[in-house]
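On a predicted model such as this, the values are computed, not experimentally measured, just so you know.
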Amino acid sequence: MKVKRILCLLMALAMFLSAVPVSFALSPTGDIDNDGLITPADARLALRCAVRLEELTAYQIAVGDMDMDGEITSADARLVLRLAVGLPIDG
C-alpha cells in the first residue's frame with residue numbers, strides 16, 4: 001500500500017514538473033568559444049556573427065551578447081575584444 005502511494009506521488013510530481021517551464025539566464029561573459037578564456041578569437045566570432053558570416057548556438061549568443069539586447073552586434077564584439085586585451089568595458 002505504501003509503495004503504491006509513493007509511486008502515485010512520484011508520478012504526480014513528475015507530471016507537475018513536466019508542465020512547469022524551466023528556464024535559466026546566462027550572464028554574458030564573452031567566452032563565445034567556451035574554452036575558458038576570453039580571447040580575440042571570441043571577439044572574432046562575435047564580429048562574424050554580427051555581419052552574418054557565422055551562425056552561433058543559443059548558448060554562444062547568450063554569453064556573447066554583452067549588452068543583453070538579444071543579439072550579437074559589432075558593439076558586443078568590441079566589448080569582447082576590450083575584455084580580451086584587458087581593457088575596461090565601460091570605457
Response to the item:
Here the gap from L87 atom CG to R82 atom CZ, rounded to the nearest 0.5 Å, amounts to 5.0 Å
Worksheet item: Do I61 and T57 have side-chain heavy atoms sitting under 4.5 Å apart?
Response: no
Item to complete: Identify the residue among L83, L81, I32, D33 that makes a side-chain contact (heavy atoms from CB on, under 4.5 Å) with I38.
Response: L83
Worksheet item: Looking only at heavy atoms, what is the nearest atom pair of V80 and T39, with distance?
Response: CG1-O, 4.5 Å
Item to complete: Please round to the nearest 0.5 Å and tell me the distance separating atom CG of L79 and atom CG of D42.
Response: 13.0 Å
Indicate every side-chain donor-acceptor pair of residues 44-54 with a distance under 3.5 Å to a residue at least two apart or in another chain.
residue, atom, partner, partner atom, Å
R48, NE, E54, OE1, 2.9
R48, NH2, L53, O, 3.3

Discussion item. Please report the interatomic distance CG(L37) to CG(D31), rounded to the nearest 0.5 Å.
Written reply: 7.0 Å
Fill in: Gap separating the CD atom of E71 from the CG atom of D65, nearest 0.5 angstrom
7.5 Å
